[in-house]
Enquirer: 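Once you've had a glance at the structure underneath, I'll fire off some questions.
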Protein chains: 2
Amino acid sequence: MTVMVDGLHPAASELRLVKVLAALADPARLAMVRTLARNGESPCTQLQDAAGLTIGKSTFSHHQKVLREAGVIQARIQGQQRILTVRRDDLDACFPGLFEVVLDAPEKLIGTKRSD
Amino acid sequence: MTVMVDGLHPAASELRLVKVLAALADPARLAMVRTLARNGESPCTQLQDAAGLTIGKSTFSHHQKVLREAGVIQARIQGQQRILTVRRDDLDACFPGLFEVVLDAPEKLIGTKRSD
DNA sequence: TCGATAGTTCGACAAACGACGTACAGTTCG
DNA sequence: CGAACTGTACGTCGTTTGTCGAACTATCGA
């Protein structure tokens with residue numbers, strides 16, 4: 001069975017650019033979002049693996065929460081796992097073009113640290 | 001006379017998405033960039049006034065530096081003032097569409113705090 | 001029921017960040 | 001020269017952020 005996790009996701013009308021940018025302005029989170037967008041919806045563990053993140057699971061959970069609260073991704077409970085999805089429709093509606101930029105940027109231009 | 005301030009600006013090939021996003025993920029800096037883009041090049045004091053920022057001048061200088069080091073804006077010395085400009089060509093070349101998104105976003109969707 | 005799997009929550013800690021005031025430096029003008 | 005103007009650099013303070021490990025919750029399967 002599939003259950004939506006509400007109250008944790010902001011409505012589309014609640015998205016704010018500053019918060020979305022802040023959520024994306026981290027190497028780990030950017031990798032999560034880009035990988036998720038390319039691979040389609042994934043459970044947390046699978047995404048963490050696919051994104052090549054070497055962080056602990058509690059840290060991953062934290063980043064996932066930041067992205068969720070910014071409205072960038074969505075989580076839905078299916079069995080014992082959370083299936084994550086990019087909220088592309090809402091992002092495109094609010095900030096048209098933003099997601100495409102983030103997705104299309106070549107790996108070389110991403111940057112590995114907040115300061116480099 | 002006009003003198004370019006070099007060594008302080010990253011080359012176009014040095015721009016990194018994470019750093020650009022981090023630079024833009026602040027209400028004050030976002031206001032600076034958006035105002036600067038609309039008003040064209042401006043000296044610091046004039047920009048701070050036009051952007052309606054109530055922060056101290058040293059804080060403004062700090063934000064200006066963050067934007068400069070991320071490659072978002074450029075400074076050139078003219079007389080006793082620094083003329084600031086958005087590096088739109090370089091941004092468009094590296095992350096096509098990004099700047100347009102940031103510029104076109106309606107004020108309502110910007111957000112006033114990093115966390116709201 | 002027991003154990004494995006999948007994530008969350010909590011508390012701690014170091015590092016980074018934003019804001020401030022003061023002092024400083026370069027330019028222009030009297 | 002000296003004062004006014006424009007912005008930078010430095011040190012500090014309090015808050016936020018990223019990371020971790022350990023404890024906890026919930027679901028599924030044997």
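Throughout, a chain's letter reflects where its sequence line sits, starting with A, and its residues are numbered from 1.
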Enquirer: At 4.0 Å (heavy atoms only), tell me whether A:Thr45 reaches a base, stays on the sugar-phosphate, or touches nothing.
Expert: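 Sugar-phosphate: the residue A:Thr45, judged by heavy atoms under 4.0 Å, touches backbone atoms but no base.
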Enquirer: Could you tell me whether the side chain of A:Thr45 and the main chain of A:Pro43 form a donor-acceptor pair under 3.5 Å?
Expert: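 A pair under 3.5 Å: no.
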Enquirer: Between A:Gln81 and D:dC28, does any side-chain N or O lie under 4.0 Å from OP1 or OP2?
Expert: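 No.
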Enquirer: Please indicate whether B:Glu69 has more than 12 foreign heavy atoms, meaning atoms of other residues, nucleotides or ligands, lying under 6.0 Å from its CD.
Expert: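 Yes, because the 6.0 Å sphere around CD of B:Glu69 holds more than 12 heavy atoms from other groups.
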Enquirer: Is B:His63 close enough to C:dA19 that one of its side-chain N or O atoms is under 4.0 Å from OP1 or OP2 there?
Expert: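 Looking at the OP1 and OP2 atoms of C:dA19, one of them is under 4.0 Å from a side-chain N or O of B:His63.
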Enquirer: In whole Å, I'd like the distance from the CD atom of A:Gln78 to the C1' atom of C:dG7.
Expert: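 So the CD-C1' distance, A:Gln78 to C:dG7, works out to 15 Å.
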Enquirer: What's the CD1-C1' distance between B:Ile83 and D:dC5, to the nearest Å?
Expert: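 One finds 14 Å between C1' of D:dC5 and CD1 of B:Ile83, rounded.
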Enquirer: Does D:dT6 have its OP1 or OP2 closer than 4.0 Å to a side-chain nitrogen or oxygen of B:Gln46?
Expert: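 Negative; the distance criterion is not met.
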Enquirer: Do the side chains of B:Val66 and B:Leu17 join up, straight or via other hydrophobic residues, at under 4.5 Å, putting them in one cluster?
Expert: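 In one cluster with B:Val66: B:Leu17, no.
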Enquirer: I need the CG-C1' distance between B:Leu67 and C:dC17, as an integer number of Å.
Expert: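 About 14 Å, once rounded to whole Å.
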Enquirer: In whole angstrom, give the distance that lies between atom CG of B:Leu47 and atom C1' of D:dT6.
Expert: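 Nearest whole value for this atom pair: 14 Å.
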Enquirer: Using side chain to side chain contact (heavy atoms under 4.5 Å, CB included) as the criterion, point out the one residue from A:Leu24, A:Leu67, A:Asp26 that pairs with A:Met32.
Expert: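 Testing A:Met32 for a side chain to side chain contact (heavy atoms under 4.5 Å, CB included) against A:Leu24, A:Leu67, A:Asp26 leaves exactly one candidate, A:Leu67.
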Enquirer: Report the C-alpha separation of B:Glu100 and B:Arg88 in whole Å, then their side-chain angles, then the decisive distance to 0.1 Å, and conclude whether the side-chain contact (heavy atoms from CB on, under 4.5 Å) test is met.
Expert: CA-CA 9 Å; B:Glu100 200 186 358; B:Arg88 181 142 197 188; 4.2 Å; yes
Enquirer: Does the B:His63 side chain pair with the main chain of B:Ala28, one donor and one acceptor, at a distance under 3.5 Å?
Expert: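 Flag not set: sc B:His63 to bb B:Ala28 has no pair under 3.5 Å.
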Enquirer: Where the side chain of A:Lys65 is concerned, which of C:dT9, D:dG18, D:dT8 is the nearest nucleotide?
Expert: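 Nearest listed nucleotide: C:dT9.
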Enquirer: Report yes if at least one side-chain N or O of A:Thr59 is closer than 4.0 Å to OP1 or OP2 of D:dC20; otherwise report no.
Expert: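 For A:Thr59, the contact criterion (side-chain N or O under 4.0 Å from OP1 or OP2 of D:dC20) is met.
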Enquirer: Hey, quick one: are B:Ile55 and B:Leu47 part of the same hydrophobic cluster, counting side-chain heavy atoms closer than 4.5 Å, chains of contacts allowed?
Expert: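 Same cluster: B:Ile55 reaches B:Leu47 through Ile, Leu, Val, Met, Phe, Trp or Tyr contacts under 4.5 Å.
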Enquirer: Go through the steps for B:Arg34 and B:Glu107 under the test salt bridge (charged side-chain N to carboxylate O under 4.0 Å, His left out), then give the verdict.
Expert: CA-CA 10 Å; B:Arg34 284 163 57 92; B:Glu107 201 67 37; 3.2 Å; yes
Enquirer: Starting at atom CG of A:Leu53, determine the distance to atom P of C:dG7, rounded to an integer number of angstrom.
Expert: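 So the CG-P distance, A:Leu53 to C:dG7, works out to 14 Å.
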Enquirer: Just the rounded figure in Å: distance from P of D:dT17 to NZ of B:Lys113.
Expert: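 Answer to the nearest Å: 13 Å.
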Enquirer: Is it the case that the side chain of A:Arg16 and the backbone of A:Ala70 share a donor-acceptor pair, with hydrogens and angles ignored and the cut-off at 3.5 Å?
Expert: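 Side chain of A:Arg16 to backbone of A:Ala70: no pair is present.
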Enquirer: In whole angstrom, give the distance that lies between atom NE2 of B:His62 and atom P of C:dG21.
Expert: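 Between P of C:dG21 and NE2 of B:His62: 15 Å.
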Enquirer: Between the main-chain N or O of A:Gly40 and the side-chain N or O of A:Ser42, is there a donor-acceptor pair closer than 3.5 Å?
Expert: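 Looks like yes, one N/O pair under 3.5 Å.
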Enquirer: Can you give me the N/O atom pairs linking the protein to nucleotides 10-14 of chain C at distances under 3.5 Å, or say none if there are none?
Expert:
none

Enquirer: Please give, in whole Å, the distance from D:dC5 C1' to B:Arg82 CZ?
Expert: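 Taking CZ of B:Arg82 and C1' of D:dC5, I get 13 Å after rounding.
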Enquirer: Under 4.0 Å between a side-chain N/O of B:Arg29 and OP1 or OP2 of C:dG18, yes or no?
Expert: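 For C:dG18, OP1 or OP2 has a side-chain N or O of B:Arg29 closer than 4.0 Å.
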Enquirer: What pairs of nitrogen or oxygen atoms, one from the protein and one from nucleotides 23-27 of chain D, lie under 3.5 Å apart?
Expert:
| from | atom 1 | to | atom 2 | distance (Å) |
| --- | --- | --- | --- | --- |
| D:dT27 | O2 | A:Gln80 | OE1 | 2.7 |

